Protein chains: 2
Amino acid sequence: MAAGVSIATVSNVVNGTKPATPAVQRRVLSAIERLGYLPDLHARTLRTGASRSLGLVVPDLTNPYFPALVQAIETTARDLGFVLIVMDAGNDAERETEALALLASYRVAGVVWVPVEHERSLDWPYPIVTVDRTVPGCDTVVADHGQGGALIGRHALALGHRRIGLLSGPRALPSAADRRSAFLDAVAGHAEIAWELPVPFSSDLPREVVARLAEPDCSLVVCANDAVAVGVLRAARDAGLRVPDDLSVIGFDDVPWADFVEPGLTTVRQPLAALGRNAVSTLHARIADPGRPLHHETLPVTLVERRSAMPVTPPPTGVRP
Amino acid sequence: MAAGVSIATVSNVVNGTKPATPAVQRRVLSAIERLGYLPDLHARTLRTGASRSLGLVVPDLTNPYFPALVQAIETTARDLGFVLIVMDAGNDAERETEALALLASYRVAGVVWVPVEHERSLDWPYPIVTVDRTVPGCDTVVADHGQGGALIGRHALALGHRRIGLLSGPRALPSAADRRSAFLDAVAGHAEIAWELPVPFSSDLPREVVARLAEPDCSLVVCANDAVAVGVLRAARDAGLRVPDDLSVIGFDDVPWADFVEPGLTTVRQPLAALGRNAVSTLHARIADPGRPLHHETLPVTLVERRSAMPVTPPPTGVRP
DNA sequence: AACGACAGGTTAAACGTTTAACCGTCCTTG
DNA sequence: CAAGGACGGTTAAACGTTTAACCTGTCGTT
């Protein structure tokens with residue numbers, strides 16, 4: 001090499017594998033500096049078999065849920081010495097499979113996966129940790145959707161709501177189902193479900209839903225999502241209803257603009273950053289010890305109270321005390 | 001190899017480099033299938049010197065501007081046969097430099113870069129295309145901020161606004177400066193700038209600004225950003241002002257929730273997807289031909305009219321016709 | 001019948017690392 | 001003073017590809 005020293009020695013000083021004479025160290029380091037040498041990570045990976053890259057596959061980056069998650073994942077991955085290869089599945093299962101295969105070819109050390117759909121039989125040559133969804137045989141980090149549902153239920157009760165409308169999300173989605181049933185359990189016996197309608201995660205509510213909203217027979221509507229909560233806000237306004245005076249609404253997710261709509265949405269916040277951090281540390285642990293027992297972790301969520309849900313002040317239709 | 005054939009032959013059939021007998025093809029392909037063989041891209045890159053990965057460095061993924069951009073970049077990169085290594089600089093110049101160095105070690109074929117700060121002298125061993133900011137010596141794809149400013153100016157005039165407040169963004173940011181001066185040019189001689197205040201890109205407006213907003217001496221305030229526009233909406237509401245009846249406001253960016261606030265923000269939309277697509281195709285072209293002349297591309301923006309800016313109906317203070 | 005061209009296959013070198021094995025020197029030590 | 005470690009360095013093999021060079025039949029041409 002240009003430092004008048006062998007290649008192996010260079011390797012040893014850059015990695016500190018073997019001790020070297022100060023003089024040699026200086027020479028090597030200065031030559032590196034001078035030539036702008038950077039080790040070739042491909043060659044390194046090829047030789048050692050230990051890849052320093054992680055994959056991340058998400059259904060749709062533009063979902064407001066993801067940016068904070070991705071950021072946390074990338075940051076902690078890099079702090080652990082890994083590089084993150086990100087792939088957007090475009091909500092398409094086929095494209096998702098391609099992504100996973102491509103990552104296999106790239107010999108990633110592991111992948112963080114947010115599956116577009118539930119259930120999929122697969123065996124990939126790398127460890128996987130799933131986030132927010134669970135796949136058999138994979139480590140998992142999820143938010144406690146059940147707790148979220150319960151939190152909402154208890155809050156609704158505490159605010160004095162006794163007749164509640166429920167806009168539940170896609171029935172097939174486990175997280176939405178968890179939310180729903182925990183909520184139902186929490187209010188059971190204390191409040192009445194005026195009606196329940198399943199809606200997609202969108203601000204564009206089905207016609208029948210906005211019709212129902214126009215003449216509410218409840219004091220609160222609990223929404224599957226912040227997106228649908230925004231739809232409710234809009235429908236209420238169009239119907240001349242004031243939120244929260246005439247109608248309270250509660251969302252889920254705490255999207256970045258939950259505080260920007262009028263009134264600010266009371267909602268449940270998922271610990272996105274923690275989810276991301278723990279996902280990659282879980283993955284890291286599994287990479288270090290492939291034989292360790294399966295790890296399922298569920299992180300607490302928090303209720304964030306804003307102005308869209310308030311106590312029922314004039315008793316809705318005060319029948320009995 | 002397990003197909004009773006040499007390694008080289010396998011390479012030839014998977015890449016179609018050299019013709020092979022149908023029988024051999026079948027044997028190889030079936031062996032590949034059977035063993036679940038996937039080529040090692042590290043080895044491939046090492047040997048050919050042609051990396052199939054691109055880097056992406058952004059200041060802060062949680063900025064609502066980025067998700068759509070990143071998605072477009074990832075998608076078109078993958079369609080071109082590249083894999084995307086994403087890095088978040090956390091708005092920190094130092095971390096950004098680390099990111100660029102790490103990408104160099106990874107021998108990426110090129111990188112798409114949205115610099116956290118303007119101006120930086122550097123020479124990296126890969127081609128770079130910058131997005132939304134320009135760096136000397138790099139290919140560039142930007143939105144036409146000047147056009148955006150002009151669009152706003154003309155729209156304001158068309159709506160009949162004659163006294164306008166201006167909340168301009170960080171002076172040091174070229175894009176914000178372009179917007180501002182084009183806007184000023186567009187309205188010059190036809191409308192009066194009641195006041196101008198530089199503010200950071202945030203919904204939390206400085207105290208003095210909300211004070212000024214409380215007693216507006218203008219019919220329209222033009223904001224540096226959708227974020228600050230939201231701040232203005234909020235301040236106006238707190239001051240008992242109705243938007244757009246008492247005051248019109250115009251933003252910039254068309255963030256995902258611009259249509260969710262009340263009233264919907266009229267603003268300028270940047271062609272995020274096109275920006276991303278063109279960035280990687282520009283990069284691709286440069287990779288194919290390192291000697292081609294520098295390519296600077298600026299993409300048109302569009303005005304999206306919603307309800308936060310309306311014609312002045314009662315002439316503001318009708319002095320002369 | 002002899003030869004050349006060519007198609008289809010193999011061998012071996014090379015990419016840039018890491019690492020085990022090896023080899024001098026010098027210092028210590030019995 | 002001879003022998004034996006440490007210590008600091010070098011050599012060479014190996015990782016999984018690609019690719020140039022090479023080999024070997026087969027076939028078509030004269």
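From a predicted model like this one, the values you see are computed outputs, not experimental measurements. In what follows, every chain begins at residue 1, and chains take the letters A, B, ... in the order their sequences are listed.
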Exercise. Do the charged groups of D79(A) and R95(B) touch, with an N to O distance under 4.0 Å?
Worked result: yes

Problem set entry | Spacing of D40(B) atom CG relative to dG16(C) atom P, expressed in whole Å | 16 Å

For this session: Classify the ring geometry between H42(B) and H42(A) as parallel (under 30°), tilted (30 to 60°) or perpendicular (over 60°).
Result: tilted

For this session: Please assess Q71(B) against D60(A) for the test side chain to side chain donor-acceptor pair (under 3.5 Å), listing each intermediate value before the final yes or no.
Result: CA-CA 8 Å; Q71(B) 184 176 55; D60(A) 176 14; 2.7 Å; yes

Exercise. Considering only dT17(D), dT10(C), dA12(D), which nucleotide approaches the side chain of A8(A) most closely?
Worked result: dA12(D)

For this session: Specify the separation, in whole Å, of atom CZ of R44(B) and atom P of dT17(C).
Result: 21 Å

Name every donor-acceptor pair, under 3.5 Å, that has one atom in a side chain of residues 51-59 of chain B and the other anywhere in the protein, sequence neighbours excluded.
from, atom 1, to, atom 2, distance (Å)
S51(B), OG, S53(B), N, 3.2
S51(B), OG, S53(B), OG, 3.0
S51(B), OG, R107(B), O, 2.9
R52(B), NH2, L80(B), O, 3.2

Exercise. Of all the choices, dG16(C), dT10(D), dT18(C), which nucleotide is nearest to the side chain of N12(A) once you look at every atom?
Worked result: dT10(D)

Problem set entry | Y106(B) side chain near dG16(C) phosphate (N/O to OP1/OP2, under 4.0 Å) | no

For this session: Output the residues of residues 47-55 of chain B in contact with DNA chain C, where contact means a heavy atom of the residue under 4.0 Å from an atom of the strand; sort by number or write none.
Result: R47(B)

Exercise. Taking C-beta and beyond as the side chain, do R292(B) and D289(B) meet within less than 4.5 Å on heavy atoms?
Worked result: yes

Exercise. In whole angstrom, what separates I7(B)'s CD1 from dC15(C)'s C1'?
Worked result: 15 Å

Exercise. Do S30(A) side-chain atoms and R27(A) backbone N/O form a donor-acceptor pair below 3.5 Å?
Worked result: yes

For this session: Check the distance between dG16(D)'s C1' and Y37(B)'s OH and give it to me in whole angstrom.
Result: 7 Å

Problem set entry | Shortest side-chain distance from S11(B), nucleotide among dG8(C), dT10(C), dT18(D) | dT18(D)

Exercise. With a 4.5 Å heavy-atom cut-off, do T140(A) and V135(A) have their side chains touching?
Worked result: no

For this session: For the side chain of S6(A), starting at C-beta, report the closest nucleotide among dT11(D), dT19(C), dG16(C).
Result: dT11(D)

Exercise. What is the distance from NE2 of H42(A) to C1' of dT18(C), rounded to the nearest Å?
Worked result: 17 Å

For this session: Mind checking T21(B) for me? I need base, sugar-phosphate or nothing, with any heavy atom below 4.0 Å counting as a touch.
Result: sugar-phosphate

Exercise. DNA chain C: T9(B) or A43(A), which has the more 5' nearest nucleotide?
Worked result: T9(B)

Seminar exercise, completed: Q25(A) atom CD is separated from dC7(D) atom C1', nearest whole Å, by 14 Å

Problem set entry | For atom CG of L46(A) and atom C1' of dT17(C), their distance in whole Å | 8 Å

